[in-house]
Number of protein chains: 2
Amino acid sequence: METRRDVFQAIADPTRRAIIMLLAVGALTPNAIAEHFDSSRQAVSKHLRILTECEIVKQEQQGREIHYHLNADKMKDIEKWLEQFKKLLAKRFDQLDTVLEQLKSKRK
Amino acid sequence: METRRDVFQAIADPTRRAIIMLLAVGALTPNAIAEHFDSSRQAVSKHLRILTECEIVKQEQQGREIHYHLNADKMKDIEKWLEQFKKLLAKRFDQLDTVLEQLKSKRK
DNA sequence: CATATATGCAATTATTTAGTTGCACAATAT
DNA sequence: ATATTGTGCAACTAAATAATTGCATATATG
């Protein structure tokens with residue numbers, strides 16, 4: 001809980017994934033979020049802290065309430081990683097194509 | 001290490017993400033994988049077990065060597081979740097559009 | 001002003017995790 | 001047959017995590 005956070009760690013926890021989904025629909029206070037779960041307000045608050053630390057979520061104070069907003073942009077980090085992954089995969093298939101091409105040429 | 005695995009937990013660890021990237025290029029044995037990292041063969045082996053448990057990776061025995069292949073399809077689980085998330089976001093913006101429309105009408 | 005509400009923070013605990021070391025076993029190589 | 005190699009598995013340790021309980025603080029409401 002002290003270490004540097006990243007998005008992948010943030011979405012590893014099912015409760016946090018659910019919170020992200022909730023906030024995708026609209027900003028909510030910790031209490032409002034907690035009502036959707038079995039876990040205590042404090043537990044949710046901790047998840048919010050983690051989400052805040054890795055900037056998936058940002059706070060907006062409104063009187064004594066704090067509204068948690070989603071920073072949807074941060075989710076792109078995951079997409080970026082997936083893209084990178086897919087690029088590697090594609091490269092492999094390209095190489096496979098090349099091999100198949102060579103086999104075809106040899107056959108002639 | 002006993003609990004039911006899921007893909008999100010699997011990609012939470014940076015070493016496992018790196019292993020996934022390696023295997024995206026092509027199948028490798030545990031020893032070959034371990035050579036790419038500072039951690040021991042056994043540590044890598046544990047990561048492979050976790051990746052196997054959640055079906056991101058599958059084994060193929062060849063003599064005394066075991067080749068670990070990527071099951072690229074499993075990665076789609078992550079994409080699916082992201083899609084679901086984006087759908088929620090889009091819905092929110094649609095509603096926002098509706099509100100803006102209503103404001104526009106009222107102004108008339 | 002007194003009370004209730006919304007929230008964060010600290011300390012504690014139980015569980016999970018990542019990593020190490022050492023051993024077992026099967027498939028090769030000599 | 002014996003040695004070597006590739007691998008998994010078990011026991012252990014250290015660190016991180018999730019959740020609880022209790023307290024502190026600031027803003028509202030009567």
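Chain identifiers are assigned alphabetically (A, B, ...) following the order of the sequence lines, protein sequences preceding nucleic acid strands; residue numbering begins at 1 within each chain. Worth knowing before you read on, the calculation uses all heavy atoms, side chains too, and leaves out hydrogens, waters and symmetry mates.
- For DNA chain C, none of the residues of residues 20-36 of chain B falls under the heavy-atom distance limit of 4.0 Å.
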Side-chain donor-acceptor pairs of residues 10-23 of chain B under 3.5 Å, sequence neighbours excluded:
| from | atom 1 | to | atom 2 | distance (Å) |
| --- | --- | --- | --- | --- |
| B/Asp13 | OD1 | B/Thr15 | N | 2.9 |
| B/Asp13 | OD1 | B/Arg16 | N | 3.1 |
| B/Arg16 | NE | B/Ala10 | O | 2.8 |
| B/Arg16 | NH1 | B/His47 | ND1 | 3.0 |
| B/Arg16 | NH2 | B/Gln9 | O | 3.3 |
| B/Arg17 | NH1 | B/Ile11 | O | 2.7 |
| B/Arg17 | NH1 | B/Ala12 | O | 3.2 |
| B/Arg17 | NH2 | A/Asp6 | OD2 | 3.4 |

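- Put simply, CG on B/Leu51 and CD on B/Gln59 are 11.0 Å apart, with the number rounded to the nearest 0.5 Å.
- In this structure, CG of B/Leu51 is placed 16 Å from C1' of D/dG8, rounded to the nearest angstrom.
- When rounded to the nearest whole Å, the span between NE2 of A/His47 and P of D/dA16 equals 18 Å.
- In terms of phosphate contacts, A/Ser40 brings a side-chain nitrogen or oxygen within less than 4.0 Å of OP1 or OP2 of D/dT20.
- With sequence neighbours left out, the side chain to side chain contact (heavy atoms under 4.5 Å, CB included) criterion links B/Ala90 to no other residue.
- Rounded to whole angstrom, the span from the CD atom of A/Gln42 across to the P atom of C/dA11 amounts to 16 Å.
- Rounded to whole Å, atom C1' of D/dA18 lies 14 Å from atom CZ of A/Phe37.
- Proximity note for B/Lys46 (side chain, C-beta onward) versus D/dA11, C/dG8, C/dA11: the nearest is D/dA11.
- Looking at residues 59-71 of chain A, you'll see A/Arg64, A/Glu65, A/Ile66, A/Tyr68 sit with a heavy atom under 4.0 Å from some atom of DNA chain C.
- Whole-Å rounding puts the A/Asp38 CG to D/dA18 C1' distance at 15 Å.
- Contact check for B/Leu48 versus B/Val44: side-chain heavy atoms found under the 4.5 Å cut-off.
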TODO: With side-chain contact (heavy atoms from CB on, under 4.5 Å) as the test, would you mind laying out the steps for A/Asp77 and A/Trp81 before giving the verdict?
DONE: CA-CA 6 Å; A/Asp77 284 9; A/Trp81 184 75; over 6 Å; no

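- For B/Arg49, no side-chain nitrogen or oxygen approaches OP1 or OP2 of D/dT7 to under 4.0 Å.
- The shortest distance between the side-chain N/O atoms of A/Ser39 and the OP1/OP2 oxygens of D/dA19 is not below 4.0 Å.
- A search for side chain to side chain contact (heavy atoms under 4.5 Å, CB included) contacts involving A/Glu79 returns A/Lys76, B/Leu82, B/Lys86, not counting sequence neighbours.
- The distance from atom CD of A/Gln9 to atom P of D/dA15 is 17 Å, rounded to the nearest whole Å.
- Distance A/Asp6 CG to D/dT17 P: 10 Å, rounded to the nearest Å.
- For B/Glu83 and B/Lys87, the salt-bridge test fails: no basic side-chain N is under 4.0 Å from an acidic carboxylate O.
- Note on A/Ser45: a side-chain N or O is less than 4.0 Å away from OP1 or OP2 of C/dG8.
- Counting non-hydrogen atoms of other residues, nucleotides and ligands closer than 6.0 Å to CG of A/Asp94 gives a total above 12.
- The interatomic distance linking B/Arg41 (CZ) with C/dT20 (P) rounds to 12 Å, in whole Å.
- The side chain to side chain contact (heavy atoms under 4.5 Å, CB included) test applied to B/Gln62 returns B/Glu60, B/His67, not counting sequence neighbours.
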